[in-house]
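Below: one structure, written as C-alpha cells.
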Amino acid sequence: MFKTNKNYLNLKESYLFTDIAKKVAAYSAANPDKKLIKMGIGDVTQPLIPEVVEAMKKAAGEMGVKETFRGYGPEQGYGFLREKIAEYYLREMNVKLAPDEIFVSDGAKSDVGNFTDLLSNDNVIVVPDPVYPVYVDSNVMLGRKINYISGNEGNNFLPLPDDKTEGDVFYLCSPNNPTGATFNRDQLRAWVDFALKKNALILFDAAYEAFVQEDLPRSIYEIEGADRCAVEFCSFSKTAGFTGTRCGYTVVPKNLICDGMSLNKMWLRRQTTKFNGVSYVTQRGAEAVFSEQGLINVRKTIDLYRGNAKVMTDTVKKAGIWFTGGVNSPYVWIKCPHNMSSWEFFDYLLNNFQVVGTPGSGFGKNGEGYFRLTAFNTLENTIEAMSRLSKI
Ligand code: PLP
C-alpha cells in the first residue's frame with residue numbers, strides 16, 4: 001500500500017482569500033449598485049511594456065523557423081539573460097555576481113519552495129511573523145521545526161536577531177510582504193553578522209527590490225560577507241509585470257559552502273535533475289526588461305504604483321492611523337483603528353466604504369489588528385478609495 005506524506009495534515013488550511021472572495025460576492029449580490037474598490041490584490045494590473053512584448057513576438061517567430069528553432073535550453077537559464085542580470089546587479093547595486101551564480105526560473109515562489117530540497121530536515125527554520133505563507137508551508141510539508149520571530153510595532157515589523165535567537169535557516173523578506181517594511185543597511189548587517197557567527201543560512205526574498213526608492217539595500221549582497229551566508233530570490237513579477245508570464249531568478253554564490261558542500265553546485269544539480277528551464281520566448285522577454293527603453297518603461301510602471309502608494313500613505317497619515325510600508329513597497333500595512341480586529345476592520349471597510357483589503361491576521365498571529373492595502377489598483381480608484389477612507 002502506498003503511503004502519503006503525513007506532514008500535509010499539519011498544513012493549516014488557508015481560507016484567507018476564499019473568505020474574502022465569499023464576503024465580497026455576498027456584499028455585491030446584496031448591493032448591486034455599489035462600486036467596490038479592490039485594494040487587497042497582490043497582483044500587478046499594468047500590462048507588459050512594449051519592449052517585452054516585441055521581444056517575445058520576435059522570439060516566437062524564431063521558434064517557427066527551422067534555422068532559429070530552439071529545443072531544450074540550459075536548465076539554469078540562457079547566458080544572454082544571466083549576463084544581463086549580472087550587469088544589473090553591478091550597475092544598480094554595485095554587487096559583483098558571476099553569471100553562473102544566477103539561476104533563471106519560472107518565478108520566486110517555485111525557487112523559495114524548492115530550495116528546501118537542499119536542506120536537511122533537522123534544521124530549525126525561523127520565519128518572521130507576519131509572513132509570506134510559502135516560507136512556512138514549504139517547510140511544514142517536510143515536517144520541519146519552525147520558530148517564529150516577532151514583527152511588531154515596537155520593531156517596525158523588522159525583527160532583528162539577539163542573543164536568544166536560535167535557528168539554522170532564516171527567511172527574510174525586504175521590502176516585506178505583507179508589511180512593506182524595509183531593512184536598512186545596519187539592520188541587514190546585523191542579520192549577516194549573526195548568520196556568519198552562527199553558521200546559519202539566510203534565505204533572502206528580494207521580490208520587491210525594484211520598489212526601493214530610498215537609500216536602502218535592494219540586495220543582501222550589498223552587505224559584506226553575505227555571499228558566505230545568503231541565497232537571494234528575485235522575480236520579474238513585480239519588477240516588470242510578469243506575474244502571468246512567469247520568470248524569476250535565484251542567486252546562489254559560489255562562496256556559500258556548508259559541510260564542504262557547495263550550495264551553488266547542489267542547486268545546479270537539483271535544477272538539472274528536476275527542472276527543464278524557462279521557455280526561450282519568456283527569457284527573451286525578460287532580457288528586454290534590461291534594454292535602455294525597457295528599464296525606462298518598467299520604472300514608469302513602478303512609479304505609477306508608487307504614486308498610488310503615496311496617495312495611500314498621505315491619507316492614513318492624515319487620519320492619524322499607524323502604518324508602515326508604502327514608501328519602498330506596493331504594500332501599506334496599517335493598524336486597524338479603534339482597536340478593531342483585522343476581520344472587523346475588513347467588514348467595516350466593505351460595508352461602509354466598499355473598499356476591500358486583506359486582514360493582517362491572515363499572515364500570522366502578529367498580523368491580528370492590522371490590515372494590508374495594496375497599490376496595484378488604478379490611480380483613480382486609489383484616490384476614490386482613499387477619499388472614502390478619510391471619512392473613518
Ligand atoms: N516572494 C514574495 C514575498 C511575494 O510576495 C511573491 C508574490 O506575491 C513571490 C515571492 C512570488 O513571486 P513569483 O511571482 O516570482 O513566483
Side-chain angles (χ1 to χ4, degrees), residues 14 16-17 20 38-46 48 52 77 81 85 88 102-116 127-139 151 157-159 170-183 188 202-212 217-220 230-251 271 275 277-279 282-283 285-286 289 298 301-302 305 309 324-326 328-333 357-358 360 362-364 367 372-377:
S14 175
L16 180 65
F17 290 101
I20 292 174
K38 295 189 178 166
M39 306 195 75
I41 38 167
D43 198 353
V44 295
T45 48
Q46 292 298 310
L48 295 173
V52 167
L81 180 54
I85 296 168
Y88 175 75
I102 298 164
F103 297 79
V104 175
S105 73
D106 64 340
K109 192 188 214 174
S110 320
D111 282 2
V112 168
N114 291 333
F115 207 82
T116 52
V127 295
D129 174 4
V131 68
Y132 176 56
V134 177
Y135 311 152
V136 176
D137 289 351
S138 54
N139 284 293
F157 287 92
L158 292 168
F170 293 78
Y171 285 83
L172 300 179
C173 176
S174 178
N176 189 274
N177 180 14
T179 69
T182 308
F183 284 115
L188 215 46
I202 295 174
L203 298 178
F204 189 77
D205 189 334
Y208 297 91
E209 63 81 17
F211 283 83
V212 173
R218 290 163 58 183
S219 162
I220 197 164
V231 170
E232 181 161 297
F233 304 95
C234 205
S235 170
F236 291 93
S237 283
K238 309 296 157 80
T239 305
F242 270 56
T243 50
T245 306
R246 311 302 308 144
C247 197
Y249 50 91
T250 291
V251 179
Q271 291 299 77
F275 183 59
V278 179
S279 80
T282 301
Q283 291 191 63
V289 169
V298 289
T301 306
I302 288 172
Y305 297 137
T324 184
N328 301 292
S329 154
Y331 300 120
V332 182
W333 180 253
T358 311
F363 299 101
R372 191 190 76 172
L373 293 170
T374 74
F376 290 122
N377 215 312

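We're numbering straight along the sequence, starting at 1. When a ligand or atom number is given, it counts from 1 through the structure's own listing order.
- Taking a cut-off of under 4.0 Å to the non-hydrogen atoms of Cys173, the atoms of ligand 1 that pass are 3 (C).
- Once rounded to the nearest 0.5 Å, the distance linking CG of Asn176 with CG of Leu158 reads 7.5 Å.
- Ring orientation note: the planes of Phe242 and Phe236 are tilted relative to one another, at an angle of 30° to 60°.
- In this structure a side-chain-to-backbone donor-acceptor pair under 3.5 Å is present from Tyr305 to Thr45.
- Considering every non-hydrogen atom in both Tyr171 and Pro128, the closest pair reads O-CD, 3.2 Å.
- For atom 14 (O) of ligand 1, the closest non-hydrogen atom of the protein is Ser237 OG, 2.6 Å.
- Inter-residue side-chain proximity for Phe103 and Asp111 is flagged as unmet; no heavy-atom pair is nearer than 4.5 Å.
- Of the protein's non-hydrogen atoms, Lys238 NZ, 3.3 Å is the one closest to atom 7 (C) of ligand 1.
- Taking all heavy atoms of Asp111, Asp106, Asp205, Val134 into account, the minimum distance to atom 2 (C) of ligand 1 is reached by Asp205.
- Within the model, atoms CG of Asp205 and OG of Ser235 stand 8.5 Å from one another, a figure rounded to the nearest 0.5 Å.
- Judged by distance alone, the side chain of Lys238 and the main-chain N or O of Ile302 form no donor-acceptor pair under 3.5 Å.
- Both the backbone and the side chain of Ala108 come within 4.0 Å of ligand 1, judged by heavy-atom distances.
- When only interatomic distances are considered, the shortest N/O to N/O separation between Arg246 and ligand 1 falls below 3.5 Å.
- Counting protein heavy atoms only, atom 9 (C) of ligand 1 is closest to Tyr132 OH, 3.2 Å.
- Residue-ligand proximity: Gly248 is placed with every non-hydrogen atom at 4.0 Å or more from ligand 1.
- Residue Asn177 approaches ligand 1 through these ligand atoms, each under 4.0 Å from one of its heavy atoms: 3 (C), 4 (C), 5 (O).
- Looking at ligand 1, you'll find an N or O of Ser235 within less than 3.5 Å of one of its N or O atoms.
- Between Phe211 atom CZ and Arg218 atom CZ the span is 11.5 Å, to the nearest 0.5 Å.
- The closest approach between any non-hydrogen atom of Tyr208 and ligand 1 is below 4.0 Å.
- Set against the non-hydrogen atoms of Gly107, the atoms of ligand 1 under 4.0 Å away are 15 (O), 16 (O).
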